[in-house]
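Ligands are counted one by one from 1 in listed order, and the atoms in each one are counted from 1 as well.
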Amino acid sequence: MATSATSATSSPSSPSSASSARPELLDGRGRVVLVAGAAGGIGRAAVRLFRRAGARVVAMDRVRKGLPSGAGVLQLTGDAACEADVQRVVREAVQAYGRLDWLVNAVGAVGGGRLDATSLADWDRLLGINLDSAFLLCREAYPHLRRHKGAVVLFSSTNGRNGGSQFSGPAYAAAKAGVLNLTRYLAKEWAADAVRVNCIAPGPVATAMLDRLTAAEHVALKRAMPLGEYADPQQVAGMAAFLCSRYAANMTGACLNVSGGMVLD
Ligand SMILES: NC(=O)c1ccc[n+]([C@@H]2O[C@H](COP(=O)([O-])OP(=O)(O)OC[C@H]3O[C@@H](n4cnc5c(N)ncnc54)[C@H](O)[C@@H]3O)[C@@H](O)[C@H]2O)c1
């Protein structure tokens with residue numbers, strides 16, 4: 001459902017020309033970003049940050065509750081693991097705002113438990129949410145991103161880098177490793193179009209995703225982090241903004257760790 005969808009009135013300044021008049025990290029004026037998973041902790045923070053940078057934002061999630069609203073924000077609901085829904089969302093986004101410059105996919109869900117306790121249905125569901133969503137959103141957004149030399153930010157996880165654990169389960173670990181290599185694959189395939197693709201690999205971030213942990217598990221997790229504190233969703237959103245900014249113009253195929261030192265490579 002659209003709220004305050006307006007057409008573009010200004011053309012974007014070149015991302016490669018630093019503007020001394022606007023020293024912010026990201027100049028979003030005239031730009032449009034699709035944030036998927038926008039009702040979640042990191043997604044909501046990203047919507048706020050890109051709006052503050054002047055971009056218009058398509059805020060998409062499976063659920064409406066928690067979706068940011070306001071001027072310059074188009075709310076759309078849909079299942080990011082469903083091909084027809086993703087096609088509709090991208091179509092409606094471009095119909096409303098006329099272009100798409102950046103894609104940030106903050107959709108995600110964790111599992112848990114051992115492999116021998118994982119049903120095929122759970123495996124498929126988690127691969128769908130965490131990996132199919134990235135494939136579908138990238139594929140559908142690509143023709144629009146290419147027009148504007150756009151950028152994509154995907155979300156892997158420390159679980160996708162270090163093998164994960166039973167806290168999040170085998171499907172999450174496999175899906176997030178898949179996101180990392182999809183990032184690298186697309187970085188190479190789309191470099192000729194100057195579409196950059198990078199990912200962020202968070203360790204624990206203070207969002208609803210950690211709500212399922214017990215107090216003792218929180219203590220143990222923080223002890224495993226050299227910096228000893230969970231990341232704030234705004235910090236992670238800031239990394240997404242950086243990856244879309246002119247400062248990252250020569251970065252593609254990268255994976256940025258924000259794990260309090262848990263993962264170092
Ligand atoms: N929070 C963490 O500790 C952490 C750590 C590592 C990686 N990540 C990753 O960061 C990203 C953002 O996570 P978060 O912490 O904001 O989690 P969150 O649970 O707060 O938000 C996830 C959002 O994804 C949405 N979603 C789930 N399935 C969907 C679907 N099929 N279609 C559309 N939307 C769907 C949910 O409704 C929710 O709003 C995810 O990819 C997550 O895996 C988070």
*Mind checking whether Trp102 and Phe50 have parallel, tilted or perpendicular rings, split at 30° and 60°?*
tilted
*Mind checking who shares a hydrophobic cluster with Met209, ILVMFWY linked at side-chain heavy-atom distances under 4.5 Å?*
Val110, Tyr172
*Does the cation-pi check pass for Lys222 over Tyr230, that is, NZ or CZ under 6.0 Å from the six-membered ring centre and within 45° of its axis?*
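Here Lys222 passes the 6.0 Å and 45° test against Tyr230.
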*Would you say the side chain of Asp232 lies within less than 4.5 Å of the side chain of Val205, judging by non-hydrogen atoms?*
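Val205 vs Asp232: side chains apart.
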*Heavy-atom distance under 4.5 Å between the side chains of Asn257 and Thr158, does that happen here?*
no
*asked:* Could you check whether His148 and Arg99, counting side-chain N and O atoms only, form a donor-acceptor pair closer than 3.5 Å?
replied: yes
Which atom pairs, nitrogen or oxygen on both sides, join ligand 1 and the protein at under 3.5 angstrom?
{"residue": "ligand 1", "atom": "1 (N)", "partner": "Val205", "partner atom": "O", "Å": "3.4"}
{"residue": "ligand 1", "atom": "1 (N)", "partner": "Thr207", "partner atom": "OG1", "Å": "3.1"}
{"residue": "ligand 1", "atom": "3 (O)", "partner": "Val205", "partner atom": "N", "Å": "2.8"}
{"residue": "ligand 1", "atom": "15 (O)", "partner": "Thr207", "partner atom": "OG1", "Å": "2.6"}
{"residue": "ligand 1", "atom": "16 (O)", "partner": "Gly41", "partner atom": "N", "Å": "3.3"}
{"residue": "ligand 1", "atom": "16 (O)", "partner": "Ile42", "partner atom": "N", "Å": "2.9"}
{"residue": "ligand 1", "atom": "20 (O)", "partner": "Gly41", "partner atom": "N", "Å": "2.9"}
{"residue": "ligand 1", "atom": "28 (N)", "partner": "Arg62", "partner atom": "NH2", "Å": "3.4"}
{"residue": "ligand 1", "atom": "31 (N)", "partner": "Asp79", "partner atom": "OD1", "Å": "2.8"}
{"residue": "ligand 1", "atom": "32 (N)", "partner": "Ala80", "partner atom": "N", "Å": "2.8"}
{"residue": "ligand 1", "atom": "34 (N)", "partner": "Arg62", "partner atom": "N", "Å": "3.2"}
{"residue": "ligand 1", "atom": "37 (O)", "partner": "Asp61", "partner atom": "OD1", "Å": "2.6"}
{"residue": "ligand 1", "atom": "39 (O)", "partner": "Gly40", "partner atom": "N", "Å": "3.0"}
{"residue": "ligand 1", "atom": "39 (O)", "partner": "Asp61", "partner atom": "OD2", "Å": "2.7"}
{"residue": "ligand 1", "atom": "41 (O)", "partner": "Val107", "partner atom": "O", "Å": "2.8"}
{"residue": "ligand 1", "atom": "41 (O)", "partner": "Lys176", "partner atom": "NZ", "Å": "2.9"}
{"residue": "ligand 1", "atom": "43 (O)", "partner": "Tyr172", "partner atom": "OH", "Å": "2.7"}
{"residue": "ligand 1", "atom": "43 (O)", "partner": "Lys176", "partner atom": "NZ", "Å": "3.0"}

